[in-house]
Amino acid sequence: MRYWLMKSEPDEVSFADVLAAPGKTVAWFGVRNYQARNFMRDQMEVGDGVLFYHSSCAVPGVAGIARVASGAYPDASQFDPDSHYFDPKATREQPRWISVDVTAVAEGRYLPLTEMRGVAALEDMVLLQKGSRLSISPVTKGQWDKVLELMGVSISAT
DNA sequence: GCCAACGTTGGC
DNA sequence: GCCAACGTTGGC
């Protein structure tokens, strides 16, 4: 069981969209960075915790708590010439990019990036490091617990 | 819209 | 395999 922070542009997929989706589950598609892909491919497991982060928006921050709901499978958008995420070098025989499904667990209080920067227990988060742009990054148990505390979320063990 | 930081590409 | 040029990310 691991913990992750995953960045999404809310104009594209917001946490509210996940809450509104059937089964509160959506495909996480469009990752086009090898390091982020490798986290999904090599380390993510069903049930892992996800901090659903909103980036490139007016108030960046953690918008909700989610959970990994599937193993990795080929990201369909890489094969679609009309998609922004089309990759001409990807083939169905040898896909380059993968998706996982994530499902919403709890919304909680929106936790802005600016607030996170002031929390000592979070200062080592990959997200907060200078120049960090990884769209998927590992989160420690301590960081996870702190973020959930700040958001006022408690998740009962299942 | 700016720009720092980072990742990728491609010529050599 | 180096590294300059280019493209992207993402906060501000």
Side-chain angles (χ1 to χ4, degrees), chain A residues 2-21 26-44 48-68 72-102 104-140 142-153:
Chain A
R2 290 187 167 93
Y3 304 95
W4 306 96
L5 181 138
M6 299 174 77
K7 294 181 185 174
S8 182
E9 300 187 15
D11 287 351
E12 195 156 13
V13 181
S14 71
F15 190 70
D17 294 332
V18 184
L19 285 172
V26 300
W28 197 282
F29 64 94
V31 170
R32 295 293 181 270
N33 168 282
Y34 290 105
Q35 202 177 346
R37 179 202 67 181
N38 294 347
F39 282 137
M40 280 198 288
R41 186 189 62 191
D42 302 334
Q43 297 189 35
M44 262 190 197
D48 281 1
V50 174
L51 303 177
F52 194 108
Y53 181 87
H54 283 179
S55 67
S56 295
C57 56
V59 185
V62 179
I65 309 303
R67 181 193 306 130
V68 176
Y73 58 90
D75 178 340
S77 66
Q78 70 192 303
F79 308 124
D80 177 3
D82 296 327
S83 169
H84 173 64
Y85 295 110
F86 177 62
D87 183 345
K89 293 181 182 162
T91 65
R92 300 217 176 246
E93 292 71 32
Q94 287 205 306
R96 269 196 186 189
W97 307 110
I98 55 180
S99 289
V100 298
D101 293 343
V102 302
V105 172
E107 184 159 21
R109 179 179 74 86
Y110 192 90
L111 181 61
L113 174 64
T114 51
E115 182 176 340
M116 297 171 76
R117 290 199 188 281
V119 178
L122 300 181
E123 67 183 8
D124 290 333
M125 282 187 79
V126 174
L127 174 76
L128 302 182
Q129 303 314 302
K130 184 180 168 82
S132 174
R133 320 187 305 197
L134 260 184
S135 59
I136 298 177
S137 57
V139 171
T140 67
Q143 292 159 357
W144 171 266
D145 288 344
K146 189 64 184 179
V147 167
L148 265 62
E149 176 197 324
L150 291 166
M151 295 176 75
V153 171

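None of the values given here were measured: they were computed from a predicted structure.
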Return all side-chain donor-acceptor pairs below 3.5 angstrom for residues 56-63 of chain A, not counting sequence neighbours, or 'none' if the list is empty.
none

Just by modelled atom types, is the A:Gly30 backbone N or O under 3.5 Å from a matching donor or acceptor in the A:Asp75 side chain?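 Yes, the answer is positive, given that a donor and an acceptor are paired below the 3.5 Å cut-off.
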Where do N or O atoms of nucleotides 9-12 of chain C meet protein N or O atoms at under 3.5 Å, pair by pair?
unit_1 : atom_1 : unit_2   : atom_2 : d
C:dG10 : OP1    : A:Lys7   : NZ     : 2.9
C:dG10 : OP1    : A:Arg133 : O      : 2.7
C:dG11 : OP1    : A:Tyr53  : OH     : 2.8
C:dG11 : OP2    : A:Ser56  : N      : 3.0

Let me check the geometry of the helix from B:dG1-C:dC12 to B:dC12-C:dG1. What is the bend angle between the axes at its two ends, five pairs each, to 10°?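 Axis-to-axis angle, ends of the helix: 10°.
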Rounded to the nearest angstrom, tell me the gap between atom [atom1] in [X] and atom [atom2] in [N].
{"X": "A:Asp87", "N": "C:dT8", "atom1": "CG", "atom2": "P", "result": "13 Å"}
{"X": "A:Gln35", "N": "B:dA5", "atom1": "CD", "atom2": "P", "result": "18 Å"}
{"X": "A:Asn33", "N": "C:dT8", "atom1": "CG", "atom2": "C1'", "result": "10 Å"}
{"X": "A:Arg96", "N": "B:dG7", "atom1": "CZ", "atom2": "C1'", "result": "13 Å"}

Nearest 0.5 Å, please: how far is CD in A:Gln43 from CZ in A:Arg2?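 Those atoms lie 4.5 Å apart.
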Just verifying a value: how many Å separate A:Phe52 CZ and A:Asp17 CG, rounded to the nearest 0.5 Å?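 With rounding to 0.5 Å, CZ (A:Phe52) is 7.5 Å from CG (A:Asp17).
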Inter- and intrachain pairs under side-chain hydrogen bond (donor to acceptor under 3.5 Å, both in side chains), touching residues 105-116 of chain A, at least two apart: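 Residue pairs passing side-chain hydrogen bond (donor to acceptor under 3.5 Å, both in side chains), neighbours aside: A:Arg109-A:Glu115.
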side-chain contact (heavy atoms from CB on, under 4.5 Å) partners of A:Glu123, counting only residues at least two apart: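 Once residues adjacent in sequence are excluded, A:Glu123 has no partner under the side-chain contact (heavy atoms from CB on, under 4.5 Å) criterion.
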Using the side-chain contact (heavy atoms from CB on, under 4.5 Å) criterion, which residues pair with A:Lys130? Sequence neighbours excluded.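 By the side-chain contact (heavy atoms from CB on, under 4.5 Å) rule, A:Lys130 matches no residue at all.
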Angle between ring planes, A:Trp97 versus A:Tyr34, binned at 30° and 60°: parallel, tilted or perpendicular?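 It falls in the tilted class, 30° to 60°.
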